[in-house]
Protein chains: 2
Amino acid sequence: MAGHYDQSKCQTVSEMLARLGDKWTVLLIMRLRDGPARFSELKRSVVGISQRMLTLTLRALERDGLVNRTVHPTVPPSVEYALTELGVSFSEPIEAMGGWVFRNHEQIRAARSVFDERKAELDKKKLIKI
Amino acid sequence: MAGHYDQSKCQTVSEMLARLGDKWTVLLIMRLRDGPARFSELKRSVVGISQRMLTLTLRALERDGLVNRTVHPTVPPSVEYALTELGVSFSEPIEAMGGWVFRNHEQIRAARSVFDERKAELDKKKLIKI
DNA sequence: CTGGATCCAAATTGATACTG
DNA sequence: CAGTATCAATTTGGATCCAG
């Protein structure tokens, strides 16, 4: 029993979960929930993202079928990104998770303070012993 | 508007989101939903995790107040890890997300195939041009 | 058994410069 | 505007050895 937490057994699942890890995917999906946007709009919305990371993240999302990329053949070119149906569906659990973190981050901060302080004390005692 | 996807504004939120990214956190939380476990049990359950990563991930979860670490003063020592109340609460959105990925990974695989094949064709054409 | 410390290889990422 | 390419820097992870 309990043998099903094997990431190698469910490659895709674990890859998707891994994708969420990179700082930007969640932020980008949350942004796209508000509606489609162009490349440069996204770059402005998601503060701190580099052009490179924006491109890479969008490509990955596109590849997974979560985001649609439509090029308008204008000059200068304009490209619009939007969540697909699958993407919208996926954004729901993401939103739930984001919401949880948002609601509970105070508690987390508090827990961290306690932990760090306790650790600092232990380190002090250890220093005396050594 | 749309200025709230700024990770620097909500350090904790973005950190938590980032923590999910590392391969192991989600797997570990899912495992701990089944009940408390000892270090070595966890190591066996979460296939592929190294000792180092297990330790690091557990410490991080403990620090965030999601996991409780109780040492039983036996010889040899035995340490039990369990989700805290906060951890259980957090595990719900996680589970939802995991569930979604699990249910939809076929669609994702399909999307990837389409994308990759299309890209392969484009690359071929480009090669001819060059 | 649990887990800290260290060393090293590999993967990510950011800054920068360049292009259609 | 929307990227691609390249390089340097940081991060990350695994392997190994050691200790309470």
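- Following rounding to the nearest Å, B/W24 (CH2) and D/dG14 (C1') show an atom-to-atom distance of 11 Å.
- Here the closest heavy-atom approach between residue B/T57 and residue B/M53 is recorded as OG1-O, 2.6 Å.
- If you take NZ of B/K43 and C1' of D/dG14, they are 11 Å apart, rounded to a whole angstrom.
- Between A/R44 atom CZ and D/dC1 atom C1' the separation is 11 Å, expressed in whole Å.
- Listed pair A/R52 / D/dT6 fails the phosphate criterion, with no side-chain N or O lying under 4.0 Å from OP1 or OP2.
- Rounded to whole angstrom, the span from the CZ atom of B/R69 across to the C1' atom of C/dG4 amounts to 11 Å.
- Counting only heavy atoms from C-beta outward, the side chains of B/Q107 and A/L86 approach each other to under 4.5 Å.
- At whole-Å resolution of the value, CG in B/L58 and P in C/dC1 are 16 Å apart.
- Along DNA chain C, the nucleotide nearest to A/S50 and the one nearest to B/R38 differ in position, and the one closer to the 5' end is contacted by B/R38.
- One can place CG of B/L54 at 14 Å from C1' of D/dG13, the figure rounded to the nearest angstrom.
- Atom-to-atom, NE2 of B/H72 to C1' of C/dG3 comes out at 17 Å; the value is rounded to the nearest Å.
- The nearest heavy atom of DNA chain D to A/S78 and to B/L56 marks one nucleotide each, and the one closer to the 5' end goes with A/S78.
- Summarising the geometry, the separation between CD on A/E80 and C1' on D/dC1 is reported as 14 Å, rounded to the nearest angstrom.
- A/T55 contributes a side-chain N or O that, together with a main-chain N or O of A/Q51, makes up a donor-acceptor pair within less than 3.5 Å.
- In terms of position along DNA chain C, the nucleotide closest to B/P76 lies nearer the 5' end than the nucleotide closest to the other residue of the pair B/T55 and B/P76.
- When distances are taken from the side chain of B/Q51 to each of C/dT6, C/dG3, C/dC1, the shortest belongs to C/dG3.
- A/D116 contributes atom CG, which lies 12.0 Å from atom CD of A/E121 (distance to the nearest 0.5 angstrom).
- Checking the phosphate oxygens (OP1, OP2) of D/dG3, a side-chain nitrogen or oxygen of A/Y81 falls inside 4.0 Å.
- The hydrophobic cluster containing B/W100 also contains B/M30, counting ILVMFWY residues as joined when their side-chain heavy atoms lie under 4.5 angstrom apart, directly or transitively.
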